[in-house]
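This report refers to the structure that appears directly beneath it.
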Amino acid sequence: MPLSVLRKRLDAVRSPEQRRAASDEARDWGCYDPAPRHPTLQEKRDYIARISKFAKAAEANYGVPAAAITAMALVEAGYGYTRTAKNAHNLFGWKAPEHGSGARYVLTCQDTAGEFGDKDDNRCYVVFASEEAAVDRVASRLASGFAPNYAKAIARYRRETAAGVSVIVRTQNWIAGIAKPYNWQPVLYARTICRLMRNPVGGSDEISPDTNLYPLSASRGEVASLTTLPVHRRSCNAITVPPA
């Protein structure tokens, strides 16, 4: 949608005062960013350890890759310090219909209410009882295959796990498979998750021997190593995303 059209639709449903209020709220703390001065290195490590346990349980229950689910929760929740993570235990930006059932959190700084000409659900987020509940719910939904690409991705991941395909390859294939329509920038998103699986503290094309997330999804005795991949496939930039 052209930006000029979007602005017209926004102006049609939000008053100047509402738009200024949203802008003011986001000025010192970006609407989707972690809280200022967070996360520290120790906060990152604590969050990774905590979410990893929940994601590991989710893989056992639903067959989704814990390494990828953990990485998704890092980037989307700012290691637990975005507004939605802190106020709603919502680690994945999971939306809630405004008139749907269940508790919801309204991200008031999000200046997108009404871009389709009506009162907009886009600022309403599901409130989860805990971080663990958020991981469990989102993992179960992605495993359910409610979108065609999700169904293909989870089926492929399970086949490749059973066949002994490298944990690096099968987790990357899964995240590439769900990236569209899961994220509005699917290629960038898949490559970002790839780097966080390799180094969850800072993100890297290189695998951190001490902190990488692959052991969460690895088979017994399996060690993740880029030497198992062809040279031209070792960078996360080699990941492509199938059409939705």
TODO: Show the numbers, then the answer: is there a side-chain contact (heavy atoms from CB on, under 4.5 Å) between Val169 and Leu229?
DONE: CA-CA 8 Å; Val169 172; Leu229 277 66; 4.1 Å; yes
- [ ] Dump the intermediate steps for side-chain contact (heavy atoms from CB on, under 4.5 Å) on Tyr157 and Asn173, then the final yes or no.
- [x] CA-CA 7 Å; Tyr157 180 72; Asn173 286 343; over 6 Å; no
Task: Working for side-chain contact (heavy atoms from CB on, under 4.5 Å), residues Ile154 and Leu142 - done: CA-CA 8 Å; Ile154 193 63; Leu142 291 174; over 6 Å; no
TODO: Could you give me the CA-CA distance, side-chain angles and deciding distance for Lys53 and Glu59, then say whether salt bridge (Lys or Arg N to Asp or Glu O under 4.0 Å) is met?
DONE: CA-CA 10 Å; Lys53 294 178 182 177; Glu59 176 150 8; over 6 Å; no
- [ ] Show the numbers, then the answer: is there a side-chain contact (heavy atoms from CB on, under 4.5 Å) between Arg104 and Tyr125?
- [x] CA-CA 5 Å; Arg104 58 187 180 272; Tyr125 292 78; over 6 Å; no
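Within the 4.5 Å cutoff, the side chain of Pro200 has no heavy atoms near those of the Thr70 side chain. Considering only heavy atoms from C-beta on, Ser217 stays 4.5 Å or farther from Trp174 through its side chain. Annotation: side chain of Met197 is not in contact with side chain of Asn212 (no heavy-atom distance under 4.5 Å). Contact check for Val187 versus Thr240: no side-chain heavy atoms found under the 4.5 Å cut-off. In this structure, the side chains of Thr84 and Phe92 stay at 4.5 Å or more apart for every pair of heavy atoms. Considering only heavy atoms from C-beta on, Val201 comes within 4.5 Å of Leu41 through its side chain. Within the 4.5 Å cutoff, no side-chain heavy atoms of Met72 are placed close to those of Val135. Annotation: side chain of Ser204 is not in contact with side chain of Arg195 (no heavy-atom distance under 4.5 Å).
No donor-acceptor distance shorter than 3.5 angstrom exists from the side chain of Asn183 to the backbone of Ala179, with no hydrogens or angles considered. Remark: the backbone N or O of Ser208 is not paired with any side-chain donor or acceptor of Thr211 at under 3.5 angstrom. Thr82 places no side-chain N or O within 3.5 Å of a backbone atom of Gly78 that could act as its donor or acceptor partner. Side-chain atoms of Glu222 come within 3.5 Å of backbone atoms of Val167 as a donor-acceptor pair (strictly under, hydrogens ignored). Between the Lys56 side chain and the Leu216 main chain, a donor and an acceptor come within less than 3.5 Å of each other.
Atom CD1 of Ile168 and atom CZ of Arg233 lie 12.0 Å apart (nearest 0.5 Å). Atom CD of residue Glu160 and atom OG of residue Ser166 lie 9.5 Å apart, to the nearest 0.5 angstrom. Distance check: Glu76 CD to Tyr32 OH gives 13.0 Å after rounding to the nearest 0.5 Å. Within the model, atoms CD1 of Ile51 and CG of Leu213 stand 11.5 Å from one another, a figure rounded to the nearest 0.5 Å. One finds the CZ atom of Arg141 at 4.5 Å from the OG atom of Ser144 (value rounded to the nearest 0.5 Å). The CG atom of Leu74 sits 11.0 Å away from atom CD1 of Ile69, with the distance rounded to the nearest 0.5 Å.
In the hydrophobic clustering of this structure, Val64 does not group with Val241; members are Ile, Leu, Val, Met, Phe, Trp, Tyr whose side-chain heavy atoms approach within less than 4.5 Å, directly or through other members. Residues Phe146 and Ile175 are members of one and the same hydrophobic cluster, defined by side-chain heavy-atom contacts under 4.5 angstrom among Ile, Leu, Val, Met, Phe, Trp and Tyr. Grouping the Ile, Leu, Val, Met, Phe, Trp and Tyr side chains by contacts below 4.5 angstrom, directly or via other members, places Leu196 apart from Ile239. No continuous path of ILVMFWY side-chain contacts below 4.5 Å connects Trp94 to Tyr81, so the two sit in separate hydrophobic clusters. Hydrophobic clustering of Ile, Leu, Val, Met, Phe, Trp and Tyr side chains at less than 4.5 Å, counting indirect connections, unites Leu91 with Val75.
For Glu43, the CD atom is densely surrounded, since the number of other residues' heavy atoms within 6.0 Å is greater than 12.
Note that Arg198 lies outside the cation-pi zone of Tyr214, set by a 6.0 Å cut-off to the ring centre and a 45° limit from the axis. Cation-pi check for Arg83 over Trp29 is met; the charged atom lies under 6.0 angstrom from the ring centroid and within 45 degrees of its normal.
Across Gly80 and Lys86, no two heavy atoms sit closer than the pair O-CG, 3.4 Å. Taking both residues in full, the closest heavy atoms of Ala67 and Thr171 are given as CB-CG2, 4.4 Å, listed atom of the first, atom of the second, then distance. Between Ala190 and Ala176 the shortest heavy-atom distance is CB-CA, 4.2 Å. Residues Glu206 and Leu226 approach most closely at OE1-CD1, 4.3 Å, considering heavy atoms.
Using a 4.0 Å cut-off between charged side-chain N and carboxylate O, Asp205 and Arg234 make no salt bridge.
Checked against a 6.0 Å centroid threshold, the rings of Phe128 and His89 do not count as neighbours.
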